[in-house]
Structures are given as C-alpha cells and as structure tokens.
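Structure first, then comments.
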Amino acid sequence: MPRPLAQQVVVVTGAGSGIGRETARTFAQRGATVVAAARSAKALDSLAAEVQRLGARCLPVPTDVSDYAQVEALAARAVETFGRIDTWVNNAAVSTYGTVEQMTPDELRRVIEVNLLGPVYGMKAALPHLKATGDGVLVNVSSALARRGVALQAAYCAAKHGIVGFAESLRLELRHEGSRVAVVDVLPSSINTPLFGHARSKLGVLPQPIPPVYEPTVVADTIVAVAERPVRTVFAGGMGKLLEIGQRISPTLVDLYLLGPGKVVENQKTDRPDNGVDNLDAPTDDAGATSGDFGQGSRTRSLYTELLGLHPGRARALAGALLAGGAAVLTRSGRR
C-alpha cells in the first residue's frame, strides 16, 4: 500500500492554476510534501507561499511538460531534494475551441504536445522513481471526453483518449513484471477552472464548460484519495460517468442528443467577446487561480464519486444487484 499522505512526496504538473493548483493545496493540507510544476514561475511562487502557509513543504519547478528533458529534470529535482517520489500527478493541459477546419496544424500539434505527450513524458520520467519507492502511484488526469468526443475540441479529445490508451498499456506491462506501481486514470466532468479563460478560441466569444459544472475541489479530493487508495479508473463528477454509459449503450443516440437544439455547440459559448489572450504557446502573466468564472450553480461535491467511483467494489455490487433485479422482473413477466 502507498505511504500515508503525510509521509508522501508528490509531484503535480499543471500546478499553476485550476485542478493542479487545488490538488497541490489539498495535498499540502493533508501534510504531503509538494513538488509543483508549471510554465509560470510567478504562479508557482504564489502557490509555494500558499502551501508554506499551510505548514507543508513545496518545491516550485518551472517546467514545460512538452519538453521531455524538462520533465526528466523535474523528476530528478524532486528526488535530489526530498529523496523519492511517492505520487506523480500528470495534470498539465491547454485548450483550443474551434472546428477542425478552423484550427491550424501548429495549434493542433501544440495541444497534442502538451495534453498527450506531456503525460506520456511524465509517465516515462516518473516510472523509475516510483518503482524505486515500491508502492508508487501514477495519476493521469484525463477527462470524461476520453470516453466520448465532442464538437469544437477535437485535438483535446484526441489527447485525452490517448492518455488512457497509453496508461492501459503501461499498466499491463507493470502487472506482467510484478511491479506494485499503480496507474490511475482520473476522468473529470466539466470543471470550473481558468482553463476556459486561457483557451484559444475561434468561436468569436469566450468558451465555457458544458453544464453541469463541478468545482476543482471535486477533482482534487479524488486525486488525493487515489494517492492513498489507488483504483484503476474514477470519474470525478457523476455526469461524466453518465456520458460513458450513454456512449456504451449507443454512440448514435449520444450523437443525436449532442446535436439537439441548444446542446453541445451552443453550450460551449458564452455571450462575452473573446479577449484574444490565451496560454497555448506561453503562460499568462498572472499569479494563478484555482476557480474560473462559472461558479454560479456549480457543484462542490459528487456523491457518485465519493460513494461509488472511489469504491469499485460497491459499484460492481450495485451493478450486479440491478442486473439480478432486472433478470428477476423479466423472468416473472415471462411466466405470466
């Protein structure tokens, strides 16, 4: 089993804002030592000050995860400073909004570099150190969109699908060799983070998350939980799980639902003009924030995640009970 959180050294990429920043703070509140990585030194410095006020240690390491040499150096700095890595969280991401026709090849490439190659590089760089720890945990923050793509985010969806596929292969390799390193996929639903204000938009307006929206604490609490009790896959927010269930039943029906009036395309647009500022190629010049501008009505908890997602045994038992109940109903109906 992994060490208790208060004894762990945790690396978090994309820690400058959003889910990564909230995750770093939550680990610190639980007593973990945090190594925080992001492109913005300014955002990392403000995070380090927050973590230290919480009474925990924090090492800020400016890092562009699309550069393997920088990711490898991040892992080395963590081990040189604190002696080991217990949990590594691949979280860094950028976003673009527009149709495939509207996106340039360079924009598509950049999203794949950060959102797919970044986690791939993180997995590879962290692996020898997690193996040395023995019971290390590798957490990949993917997305519910890894299970079902949506319009206007083709490159983002492709990258999130890719993270899950790469991690699945790695998980099998580790099991084959008898390693105790755990690989966990965390799939957030729509989360109220600054990602949408930082995205490059071709929509003519600022983008927004597809409702319903959850607060970053839902994902951070999930990541911190699996660092102590790893599971294979967990959705942070029950709506992501519902989307996956719909996709399994009938992708065509999900297509029709998403193409309905007022659905996925319109739901990703605000009524505010795009300000032309984004962080696709370079970080924004701010101190970093956890939440975005879509907190009105957002959900601060996910009962599905807390009661079932983090407890797959319960989920299997519930599914078995529902199947058994359905079979019994069908049997009685047939007898009539």
Side-chain angles (χ1 to χ4, degrees), residues 14-23 38-40 42-43 46-47 91-104 106-112 114-115 141 143-145 148-160 188-220 236-237 239-240 243 257-300 302:
S17 67
I19 291 170
R21 191 179 188 94
E22 183 64 20
T23 298
R39 290 177 296 172
S40 171
K42 184 176 181 180
S46 68
L47 172 63
N91 168 76
V94 294
S95 186
T96 57
Y97 280 81
T99 65
V100 172
E101 280 191 301
Q102 288 175 317
M103 306 311 300
T104 69
D106 284 344
E107 289 166 339
L108 296 172
R109 173 189 51 76
R110 181 60 179 165
V111 172
I112 298 299
V114 176
N115 294 11
V141 181
S143 171
L145 299 185
R148 166 69 212 202
V150 297
L152 307 180
Q153 298 187 63
Y156 184 93
C157 294
K160 297 301 186 177
S189 301
S190 291
I191 308 297
N192 176 31
T193 75
L195 177 94
F196 306 94
H198 293 163
R200 180 166 298 180
S201 174
K202 302 294 182 77
L203 308 179
V205 294
L206 287 171
Q208 65 180 4
I210 301 168
V213 180
Y214 298 81
E215 283 299 309
T217 52
V218 173
V219 190
M239 291 308 298
L243 183 65
Y257 171 77
L258 293 176
L259 290 169
K263 290 295 190 282
V264 71
V265 173
E266 290 78 8
N267 276 345
Q268 295 184 82
K269 298 178 180 179
T270 66
D271 57 3
R272 290 175 286 167
D274 178 35
N275 58 15
V277 177
D278 64 70
N279 70 350
L280 187 63
D281 296 314
T284 56
D285 185 27
D286 58 56
T290 296
S291 295
D293 300 325
F294 307 99
Q296 187 172 5
S298 62
R299 305 178 183 190
T300 57
S302 168

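- Checked against side chain to side chain donor-acceptor pair (under 3.5 Å), Gln268 has the following partners two or more places apart in sequence or in another chain: Gln153.
- Side chain of Asn192 to backbone of Ser291: no donor-acceptor contact under 3.5 angstrom is found.
- Going from atom OG of Ser189 over to atom CD1 of Ile210 covers 10.5 Å, rounded to the nearest 0.5 Å.
- At distances below 3.5 Å, at least one donor-acceptor pair connects side-chain atoms of Gln102 with backbone N or O atoms of Thr99.
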Chi angles and distances behind the side chain to side chain contact (heavy atoms under 4.5 Å, CB included) call for Thr23, Val219: CA-CA 8 Å; Thr23 298; Val219 190; 5.6 Å; no

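- Closest approach of Pro273 and Leu206 over heavy atoms only: O-CG, 3.6 Å.
- Atom CG of Asp278 sits about 11.0 Å away from atom CG of Leu195, to the nearest 0.5 Å.
- Taking both residues in full, the closest heavy atoms of Pro209 and Ser190 are given as CB-CB, 3.9 Å, listed atom of the first, atom of the second, then distance.
- Partners of Arg299 according to the side chain to side chain donor-acceptor pair (under 3.5 Å) rule, which considers only residues two or more places apart in sequence or in another chain, do not exist here.
- Between Thr290 and Ser17, every side-chain heavy-atom pair lies at or beyond the 4.5 Å cut-off.
- Distance alone, capped at 3.5 Å, places no donor-acceptor pair between the Glu22 side chain and the Thr217 backbone.
- Applying the side chain to side chain donor-acceptor pair (under 3.5 Å) test to Asn279 and every residue at least two apart in sequence or in another chain returns nothing.
- Counted within 6.0 Å of CD on Gln296, heavy atoms from surrounding residues, nucleotides or ligands total 12 or fewer; the atom is thus considered open.
- Side-chain contact check for Val111 versus Leu280: some heavy-atom pair is nearer than 4.5 Å.
- Note on Asp286 versus Lys42: no salt bridge recorded, every NZ/NE/NH1/NH2 to OD/OE distance being 4.0 Å or above.
- When all heavy atoms are compared, the tightest approach of Ser298 to Tyr214 is CB-C, 4.5 Å.
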- prompt: Is there a side chain to side chain contact (heavy atoms under 4.5 Å, CB included) between Arg110 and Asp106 once you walk through the steps?
  reply: CA-CA 6 Å; Arg110 181 60 179 165; Asp106 284 344; over 6 Å; no

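- Side-chain contact check for Arg272 versus Val205: every heavy-atom pair is 4.5 Å or farther apart.
- Not one N or O on the side chain of Arg200 forms a donor-acceptor pair closer than 3.5 Å with the backbone of Glu107.
- Ring pair Tyr97/Phe196 is tilted by interplanar angle, where 30° to 60° counts as tilted.
- Counting heavy atoms from C-beta on, the side chains of Leu152 and Val265 come closer than 4.5 Å.
- Of all non-hydrogen atoms in Met239 and Pro212, the two that sit nearest each other are CG-CG, 3.1 Å.
- In the displayed structure, Asn275 atom CG is contacted under 6.0 Å by more than 12 heavy atoms of other residues, nucleotides or ligands.
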Worked check of side chain to side chain contact (heavy atoms under 4.5 Å, CB included) between Glu215 and Ile191: CA-CA 6 Å; Glu215 283 299 309; Ile191 308 297; over 6 Å; no

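- Minimum heavy-atom separation, Pro216 to Thr193: CG-CG2, 4.0 Å.
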Stepwise side chain to side chain contact (heavy atoms under 4.5 Å, CB included) test for Leu203 and Asp274: CA-CA 8 Å; Leu203 308 179; Asp274 178 35; over 6 Å; no

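- The heavy-atom pair separating Gly98 from Lys202 by the smallest distance is CA-CB, 4.0 Å.
- Looking at Arg21 and Ser46, their side chains come closer than 4.5 Å, going by heavy atoms from C-beta outward.
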